[in-house]
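Just so it is clear, the values below take in all heavy atoms, side chains as well, and ignore hydrogens, waters and symmetry mates. Whatever order the structure lists ligands and atoms in, that order sets their numbers, starting from 1. Because the structure is predicted, anything quoted here is derived from the model rather than measured.
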Amino acid sequence: MAQILDGKLVSQKVKDEVAAEIKRLAEKGFRAPCLAVILVGDDEASKVYVRNKKRACEAVGIQSLEYLLPADTRQEELDALVDRLNRDDAVDGILVQLPLPKHLNEQSIINRIAVDKDVDAFHPHNVGKIMLGVPKLLPCTPAGVMRLLEEYSISVSGKECVVVGRSNIVGKPMAQLLLAANGTVTICHSRTPDLAAHTRRADILVVAIGKAKMITADMIQEGAVVIDVGMNRSEGKLCGDVDFEGCLQKASYITPVPGGVGLMTVAMLMQNTLTAYKLHINI
Ligand code: NAP
């Protein structure tokens, strides 16, 4: 039976490290880091994510500023807010909660965020740095997965790594981080014929599809490390993209949903905000 990769435990460790460093800096007279979070509209899931991020900030000693804008906010208004936060010397990190309402141009807003304040690491400059293997800020979810692997001493080097999903937010940067750690990486997506033939080869399988319990036990190899990024609702309950109960018997390690990657994402955001702050005040 697989060992559970405990996102609750490891995310708490990351947050404790961040909190300890902020405390040390405060003792030397430095101000607290500051994260500005922008939420446009009333998407329920986004509201929950923003609330969790705010709580995490409070827990580690990061000041959080919340901008809750109505769903009919115009592009110019959002642009103006991002410009103002870019210029504000008291703000270290800026996060625009995605997805945005359809009439707003997501990529244009991402491109507008100052590179050093881009705590989600979605700006093309930061994406390029990840691609080149010289990142300053790392995308939170893939970075959280890498930290989980590290904590359980799961080596990536030389392993067959299969990532299912090629989104800019999860799949692509995940593949880059695994590659940077010397994994042999395959990326699968909706046009991949015979998905199971690929997933069955994986020593490390990362799944970010957005389809409840799509990866079943017959699709993984005995002893695989299975990382489930998915967050879906099935019969009113939160579940991942992996059939957890089935794969638990066959995998060597597996992340639960909830209690896995989602918690790591928030913790890595705290770490990124601290990194952005240190870049900003030059320490
Ligand atoms: P996304 O942008 O919708 O991308 C989904 C990817 O899955 C696409 O690349 C798509 O392929 C691929 N896909 C869809 N159906 C497939 C199939 N039948 N076989 C193989 N590939 C398939 O989603 P995302 O933003 O990456 O998020 C994925 C999941 O992770 C969602 O459940 C989301 O809620 C969750 N998530 C969790 C966290 C966290 O912190 N835990 C963070 C972000 C996202 P194509 O490119 O060909 O369409």
Atom 48 (O) of ligand 1 sits nearest the protein heavy atom S190 OG, 3.6 Å
Side chain or backbone of M264 under 4.0 Å from ligand 1, or both, or neither, by non-hydrogen atoms? neither
A student checking ligand 1 against T265 at a 4.0 Å heavy-atom cut-off should list atoms 39 (C), 40 (O)
Which heavy atom of the protein is the closest neighbour of atom 17 (C) of ligand 1, given with residue, atom name and distance? M214 CE, 3.8 Å
Around atom 29 (C) of ligand 1, find the nearest protein heavy atom and jot down its residue, atom name and distance. G210 N, 3.6 Å
Measure the distance from atom 34 (O) of ligand 1 to every protein heavy atom, then report the residue, atom name and distance (to 0.1 Å) of the closest one. M231 O, 3.5 Å
Of the side chain and backbone of I209, name the one, both, or neither that has a heavy atom under 4.0 Å from an atom of ligand 1. both
Which atoms of ligand 1 sit under 4.0 Å from any heavy atom of V170? 26 (O), 43 (C), 44 (C)
of all protein heavy atoms, closest to atom 4 (O) of ligand 1 is S167 CB, 3.8 Å
Side chain, backbone, both or neither: the part of N232 lying under 4.0 Å from ligand 1 by heavy atom: side chain
Please collect all salt bridge (Lys or Arg N to Asp or Glu O under 4.0 Å) contacts where either partner lies in residues 230-245, sequence neighbours excluded, each pair once. none
Using the salt bridge (Lys or Arg N to Asp or Glu O under 4.0 Å) rule, collect all pairs that involve residues 113-142, keeping only residues at least two apart or in two chains. D116-K136
